[in-house]
> 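What follows is a structure written as structure tokens; I'll ask about it next.
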Number of protein chains: 2
Amino acid sequence: MSETARETAPRRSPTAGGYARGEETRARIIAAGLKVFGDEGYERASTRQIAREAGVMPPALQYYFDSKEGLHLACGQFIIDISTKGFTLTLEKAEAILAEGGVQDGLNALCDVLDALLDASLFARGSPDWERFAARIQSERDSPAGALIQARIAEPLRDICARLVAQATGSPLNDEARLRAMAIIGQVSAFHVYREGALQLLGWQDFNGPRRETIKAVLRAHTQAALAV
Amino acid sequence: MSETARETAPRRSPTAGGYARGEETRARIIAAGLKVFGDEGYERASTRQIAREAGVMPPALQYYFDSKEGLHLACGQFIIDISTKGFTLTLEKAEAILAEGGVQDGLNALCDVLDALLDASLFARGSPDWERFAARIQSERDSPAGALIQARIAEPLRDICARLVAQATGSPLNDEARLRAMAIIGQVSAFHVYREGALQLLGWQDFNGPRRETIKAVLRAHTQAALAV
DNA sequence: GAAGATATCTGTCAAACGATAAATATCTGC
DNA sequence: GCAGATATTTATCGTTTGACAGATATCTTC
């Protein structure tokens with residue numbers, strides 16, 4: 001067997017299959033990515049830092065994810081996967097109501113969508129790292145995962161909310177309906193976009209427990225009042 | 001005159017005075033900073049890129065601003081200066097009303113504050129570069145200028161709005177008042193935080209002209225309805 | 001015009017970055 | 001146990017970054 005006939009080692013992990021320990025390493029890198037990207041933001045986070053956090057050497061990131069960008073996208077997909085199961089069901093129900101529901105149905109569906117949005121945004125299954133990353137990619141909309149979230153979730157959500165607002169107010173889908181939808185989404189978004197500021201204003205440490213229901217109740221009341229105008 | 005007795009050239013510009021062409025160069029660098037930081041964000045923007053945009057050599061940035069961070073802070077201060085004159089007056093009027101006004105006064109003051117916030121956020125005196133930078137630092141809250149804006153403007157604003165909500169609803173300054181204030185600020189914030197998304201949903205190119213008043217009217221109606229609950 | 005002050009440019013630095021190739025280690029199935 | 005597949009590490013690369021020191025150019029005042 002000559003030197004030149006010898007196959008070189010793979011530069012990238014296999015698309016399917018692979019050893020169990022590779023799966024475990026991959027998950028460990030994603031966890032590290034969620035933490036470091038969440039703490040530092042996309043640009044400031046370095047692949048070396050993430051590798052250190054994961055307990056691997058830097059080229060492992062290229063092996064499993066191709067590039068820094070690929071890892072960021074994988075982290076974004078992870079967040080989408082863990083937070084949108086309930087959310088997707090709610091959106092599907094809303095679409096059905098848009099097809100054949102009335103004013104009150106529209107209002108209820110909108111409130112359900114906003115509840116689900118709050119859950120998806122603030123409570124990324126209980127890990128502070130995940131929550132911080134989720135907040136980051138909402139801010140960094142031109143980062144890889146940020147753009148993914150916009151295309152996959154935020155834009156469809158705006159569209160559905162605008163249609164629900166029109167239905168809930170019995171009015172056409174015009175500029176006013178869309179403006180109102182943006183304003184209503186903004187009420188919910190404030191809590192994750194300005195998370196630290198909101199916690200400070202309220203003197204809270206987190207949004208867990210009964211506070212969650214308190215926030216939802218306030219937002220629901222505001223939404224219903226605003227759309228009764 | 002020996003070599004060693006010769007004074008070295010200054011590494012930094014003088015605190016006061018300086019030549020007129022120095023003032024002009026300084027302004028040119030700030031303009032370039034607003035553009036590049038606005039386009040790229042703090043971390044991705046490079047001092048070389050900014051220098052190129054300004055038509056100077058990179059060490060000029062250290063000469064006038066000490067560091068990349070110093071330039072970012074100067075840009076933030078620039079935005080604060082051009083956008084908060086009217087805003088500061090409105091906040092002062094609001095403080096007076098908090099001292100001795102009634103429910104309706106509180107509601108009107110709150111609406112005025114929100115109008116002023118929208119003006120400060122969306123219409124940074126008409127330059128797209130300024131607007132983009134202003135949006136950036138709202139997102140990048142841990143960047144130098146982002147932290148400046150939070151400390152100088154966003155936090156005091158939240159506090160005043162919470163107090164105005166309490167006054168406008170004739171209720172104590174409790175968690176609910178603060179939650180409602182966050183929600184109401186969020187309505188306004190949505191338009192600059194999600195600027196591209198809002199413009200897309202609406203099919204608009206910008207928020208200029210009569211659209212500005214349309215947004216304000218919608219937000220005012222929502223705020224009044226929400227606080228009537 | 002000269003001296004001192006300010007502004008600008010040239011040249012350079014150390015560190016860090018994302019990424020690649022090659023070598024080595026470990027796993028899996030027969 | 002062996003061969004092939006997968007995973008991990010070591011060594012290295014070219015480039016970029018923010019910043020500094022020294023040299024030079026320009027401005028201002030007398």
> Which part of the nucleic acid, if any, lies within contact of B/Ala51, taking any heavy atom under 4.0 Å across all strands shown: a base, the sugar-phosphate backbone alone, or nothing?
nothing

> Applying ring-ring contact (aromatic ring centres under 6.0 Å, His included) as the test, list every pair that has at least one member in residues 41-64 of chain A; sequence neighbours left out.
A/Phe37-A/Tyr42, A/Tyr42-A/His72

> Rounded to whole angstroms, how far apart are CD1 on B/Ile50 and C1' on D/dA19?
14 Å

> If the threshold is 4.0 Å, N to carboxylate O, is there a salt bridge linking A/Lys35 and A/Glu53?
no

> Please list, for nucleotides 26-30 of chain D, all pairs of protein and nucleotide N/O atoms separated by less than 3.5 Å.
residue: D/dT26; atom: O3'; partner: B/Arg21; partner atom: NH1; Å: 3.4
residue: D/dC27; atom: O2; partner: B/Tyr19; partner atom: OH; Å: 2.8

> I want to confirm an ordering. Mapping B/Gly17 and A/Gln49 to their closest nucleotides on DNA chain C, which one lands closer to the 5' end?
B/Gly17

> Applying side chain to side chain contact (heavy atoms under 4.5 Å, CB included), name anything that partners A/Glu92, two or more places apart in sequence or on another chain.
A/Thr88, A/Leu89

> Give, for atom CG of B/Leu157 and atom CG of B/Leu117, the distance between the pair rounded to the nearest 0.5 Å.
5.5 Å

> Quick one: does B/Arg136's side chain have a donor or acceptor within less than 3.5 Å of a partner on B/Gly38's backbone?
yes

> If we ignore hydrogens and angles and just use 3.5 Å, is the side chain of A/Arg141 paired with the main-chain N or O of B/Val193 as donor and acceptor?
yes

> Scan residues 54-76 of chain A against DNA chain C and write down, sorted by residue number, each residue with any heavy atom closer than 4.0 Å; if none is found, say none.
A/Pro59, A/Gln62, A/Ser67, A/Lys68

> Tell me the stems DNA chain D sits in, counting at least three consecutive Watson-Crick or G-U wobble pairs, each under 3.5 Å on both distances.
C:1-30 with D:1-30

> Backbone N or O of B/Leu202 within a donor-acceptor pair of the A/Arg178 side chain at under 3.5 Å?
no

> Quick one: does A/Lys68's side chain have a donor or acceptor within less than 3.5 Å of a partner on A/Ala45's backbone?
yes

> Tell me which residues in residues 23-39 of chain A put a heavy atom below 4.0 Å from DNA chain C, sorted by number, or none.
none

> Determine, for A/Glu95 against A/Arg163, whether the closest basic-nitrogen to carboxylate-oxygen distance falls under 4.0 angstrom.
yes

> Is A/Arg44 salt-bridged to A/Asp39, going by a charged N under 4.0 Å from an acidic O?
no

> Give a yes/no answer on whether the side chain of A/Ser13 brings an N or O atom under 4.0 Å of OP1 or OP2 in D/dT6.
no

> State whether the number of non-hydrogen atoms from other residues, nucleotides or ligands found under 6.0 Å of A/Glu213 atom CD is greater than 12.
yes

> Hey, is the side chain of B/Arg48 poking within less than 4.0 Å of OP1 or OP2 on D/dT15, counting only N and O atoms?
no

> What is the nucleic acid contact for A/Arg44, judged by heavy atoms within less than 4.0 Å: base, sugar-phosphate only, or nothing?
nothing

> Tell me which nucleotide among C/dT6, D/dA23, D/dA7 gets nearest to the side chain of A/Pro14.
D/dA7

> Should B/Lys216 and B/Asp119 be marked as a salt bridge (charged side-chain N to carboxylate O under 4.0 Å, His left out) after you check the CA-CA gap, both sets of side-chain angles, and the distance that decides it?
CA-CA 9 Å; B/Lys216 285 183 186 176; B/Asp119 284 334; 3.0 Å; yes

> Rounding to an integer number of Å, can you tell me how far B/Arg12 CZ sits from D/dA21 C1'?
12 Å

> Does CD in A/Glu24 sit with more than 12 non-hydrogen atoms of other residues, nucleotides or ligands closer than 6.0 Å?
yes

